[in-house]
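Presented below is the structure to which this report refers.
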Amino acid sequence: MAKTKQFKTESKQLLNLMINSIYTHKEIFLRELISNASDAIDKRHYEALTNTDLSADYEIMIEVDHENRQLIIKDNGIGLTEEEMINNLGTIARSGTQEFKEKLENKEDLEIIGQFGVGFYSSFMVADKVTVISKSVHSEDAYIWESKGTSNYTIKETDKETAGTTIILHLRENDAENENHYDEFLSEHKIKGLVKKYSDYVRYPIKMEVTKYSTPEDEKEDPVEYKELETLNSMIPLWRRSKADVTDEEYAEFYKHQFDDYEEPLKVIHTKVEGLVSYTSLLFIPKRPPFDLYSEKYEKGLQLYSKGVFIMDKNKQLIGDHFRFMRGLVDTADLSLNISREMLQHDRQLKKIAGALEKKIKSELEKMQKSDRELYDEFYKLYGLNLKYGIYEGYGAKKELLQDLIMFKTTTSDDYVTLKEYVDHMKEDQKVIYYASGKTKASIMALPQMDLLKDKGYEVLLFTDEIDEFMINIMMKYDDKEFKSINQGDLDLLDEKEEKKIKKMNKDKSNMLKDLKEALGDQVKEVRFSTRLKDSPVCIVSNEGLSMEMERVLKSMPNAQANMKAEKVLEINPNHALFQTLERVYEKDSTKIGNYAKILYNQALLIEGMELENPVEFSNLMVDLMVEANKE
Ligand code: ADP
């Protein structure tokens with residue numbers, strides 16, 4: 001008795017979508033079915049490693065039945081039990097692969113490849129009835145599953161001699177109005193073309209009986225038609241083919257299918273290395289970063305193959321965190337694939353490969369930076385932040401590797417500039433690399449601290465990512481030149497004479513400076529005359545060490561500690577009219593200077609874009625001052 005069962009709700013929805021969509025790529029159903037067949041053989045092959053009874057001459061067979069308008073795909077893979085048919089063909093959740101993965105993970109720590117786009121259901125795009133006949137290697141019984149792709153399917157016992165799966169597609173009637181000629185999927189020529197296009201690198205033979213004609217010795221005789229079993233695919237994985245023979249479209253098609261992306265890759269890096277460790281790698285930079293790239297959940301890793309045979313999906317060892325956005329695979333003959341414990345001993349080999357890949361990726365990126373800046377800019381916008389984290393993490397271990405890949409916009413350039421380019425632009429008398437943190441270029445340009453730098457024509461790197469200052473603190477130097485924040489420490493902008501003058505003033509006016517500082521209490525470490533101001537009266541800077549920007553970032557973190565504070569310094573411009581006013585006030589009544597200090601400090605905070613600690617007090621002080629100044 002056949003059992004009739006309902007599809008799960010999500011499956012129904014998917015089915016509807018699939019059948020009714022005006023999906024133009026109906027032909028991909030064949031790729032999907034061949035993929036499934038190849039996966040099923042992989043699974044059997046994997047089990048046969050420890051249970052040689054299961055081993056077979058693996059193949060995928062395509063048959064065409066013109067009379068009944070049937071296209072048949074057979075494999076001698078692992079097969080499906082009744083339960084698996086119900087669970088795997090009746091749901092969209094891809095649970096079969098998932099469960100298989102889990103089973104493997106528990107046992108051998110290996111995973112098997114799984115994610116294959118739209119999968120089995122795509123057959124309903126071309127078929128109005130699908131029959132699956134299957135016998136699992138683990139069962140004596142075979143089952144037949146059948147569905148018209150509406151809401152239910154039937155399942156019952158049947159006879160099948162050997163393990164494996166046969167899928168029969170009952171092709172739809174041609175629909176001339178919508179230009180759907182389902183008959184074409186019965187054409188040998190079409191099928192050959194599709195296998196070449198989508199499944200050439202499947203590593204098991206895909207065989208079909210094709211029509212051949214004899215070449216008669218006597219010209220008068222007609223050629224005789226005969227059938228011959230032909231293997232349609234080259235079985236050479238795409239990455240094993242020579243670079244020159246693979247077209248951009250083939251790479252793109254391969255990438256999309258293999259890594260479940262609908263967009264073409266931004267960049268393909270295909271390398272073959274022969275040496276102490278030999279390997280082939282095929283790497284891609286996605287055009288669309290994974291949405292969770294910066295979350296802890298993101299799983300980096302490259303697929304690992306041994307001599308074209310899949311071993312695991314996301315090998316983390318092969319790629320460092322700084323290049324975690326890369327997708328791709330490594331195929332090496334130097335691994336044996338059966339036992340996972342052995343895999344550990346291959347660590348050293350994998351490490352060597354990882355090291356080589358890292359160098360290769362860097363050199364390719366540098367090449368791109370030089371020869372196709374537009375593309376590099378696009379890359380950098382997507383992944384620049386990841387590179388910066390790469391420098392910051394591990395205490396700068398990857399600094400050398402990454403420092404020439406990062407870029408910044410600057411006060412003189414709206415295009416990204418590399419550090420090397422910055423250094424090349426440096427003025428003759430410029431000794432250090434200047435940077436400034438801020439939200440936008442305009443707000444940075446307006447900072448009082450920019451005065452003298454603008455005058456001197458020095459370029460200043462614009463830091464707009466929170467990681468920037470932390471990263472630079474790890475880097476310390478580039479090309480032997482120190483990094484200097486425009487609002488931290490001493491800027492070395494003045495000539496010796498000026499410098500001396502300011503030093504002397506700091507000494508001569510120390511009483512006033514001390515009283516100013518006292519009025520501000522713990523808010524500042526020091527009040528002093530500035531060596532960096534030209535047109536502005538005051539500014540707030542910090543001493544070396546933790547900067548104000550870093551303080552802001554750290555404070556915004558969930559586990560912020562109260563004691564992470566920058567040492568703030570209030571700087572006064574000795575050449576500004578304000579200074580003379582202060583002197584006059586101080587001479588007349590030194591007790592008044594305190595309120596001036598508070599006003600100036602708060603003003604400096606405002607200019608810096610920082611929050612006032614006590615806005616009410618500031619406002620009251622301003623009002624008092626206005627009243628005072630305009631007394632009769
Ligand atoms: P996916 O392949 O992405 O998991 P599919 O819808 O294509 O999704 O297939 C669903 C499941 O059905 C597979 O995971 C697999 O367990 C099973 N399956 C499909 N085709 C075969 C086959 N030829 N042999 C054995 N199992 C298969």
Side-chain angles (χ1 to χ4, degrees), residues 5 7-8 10-19 28-48 54 56 58-63 71-104 111-127 130-139 141-147 149 153 155 158 160 162-169 198-199 202-207 256-262 310 313:
K5 288 180 179 265
F7 282 120
K8 302 232 168 103
E10 326 83 79
S11 312
K12 273 190 217 166
Q13 286 161 349
L14 180 71
L15 274 172
N16 268 326
L17 258 174
M18 197 93 69
I19 297 162
I28 57 106
F29 80 92
L30 188 61
R31 171 189 81 188
E32 299 296 321
L33 295 183
I34 290 174
S35 259
N36 282 350
S38 164
D39 280 358
I41 297 176
D42 272 347
K43 292 175 188 173
R44 178 168 180 172
H45 173 65
Y46 178 79
E47 292 200 12
L54 292 183
Y58 304 119
E59 62 178 23
I60 298 164
M61 188 77 84
I62 299 180
E63 283 170 19
L71 178 63
I72 302 156
I73 293 110
K74 289 183 184 170
D75 68 67
N76 53 356
I78 192 127
L80 290 151
T81 61
E82 181 184 22
E83 203 190 338
E84 285 166 344
M85 274 186 170
I86 294 168
N87 289 335
N88 302 349
L89 301 180
T91 61
I92 167 196
R94 299 168 173 190
S95 49
T97 307
Q98 193 55 41
E99 265 169 33
F100 184 70
K101 253 188 190 168
E102 276 164 20
K103 228 164 79 191
L104 280 182
E111 308 174 58
I112 205 98
I113 193 167
Q115 311 299 301
F116 275 107
V118 279
F120 170 73
Y121 287 96
S122 59
S123 23
F124 288 104
M125 294 196 296
V126 297
V130 178
T131 308
V132 180
I133 303 163
S134 193
K135 184 172 171 183
S136 165
V137 292
H138 301 298
S139 167
D141 308 319
Y143 289 88
I144 177 165
W145 178 103
E146 205 156 61
S147 174
Y153 59 89
I155 195 162
T158 190
K160 187 175 188 306
T162 53
T165 303
T166 300
I167 298 196
I168 305 169
L169 305 181
Y198 293 115
S199 312
V202 167
R203 52 192 169 271
Y204 307 104
I206 303 167
K207 295 178 181 168
K256 287 198 275 189
H257 186 223
Q258 189 90 349
F259 298 103
D260 251 334
D261 199 346
Y262 54 82
F310 174 81
D313 196 18

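Read the numbers this way: they start at 1 and go in the same order the structure lists the ligands and their atoms. As the structure is a prediction and not an experimental result, all values here were calculated from the model. Keep in mind that the numbers below use all heavy atoms, side chains included, and drop hydrogens, waters and symmetry copies.
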Do the non-hydrogen side-chain atoms of [X] and [Y] ever get within less than 4.5 Å of each other?
X: Tyr198; Y: Leu30; answer: no
X: Trp145; Y: Leu80; answer: no
X: Leu71; Y: Phe29; answer: yes

*Does Phe120 reach ligand 1 with a nitrogen or oxygen that is under 3.5 Å from one of the ligand's nitrogen or oxygen atoms?*
yes
*Is it the side chain, the backbone, both or neither of Asp39 that has a heavy atom closer than 4.0 Å to ligand 1?*
neither
Hey, which atoms in ligand 1 end up nearer than 4.0 Å to a heavy atom of [X]?
X: Thr165; result: 22 (C), 23 (N), 24 (N), 25 (C)
X: Leu80; result: 17 (C), 25 (C), 26 (N)
X: Leu89; result: 12 (O)

*Could you give the distance from CG (Leu89) to CD (Glu146), rounded to the nearest 0.5 Å?*
12.5 Å
*Return yes if some donor-acceptor pair links the side-chain N/O of Lys43 with the main-chain N/O of Ile78 below 3.5 Å, else return no.*
no
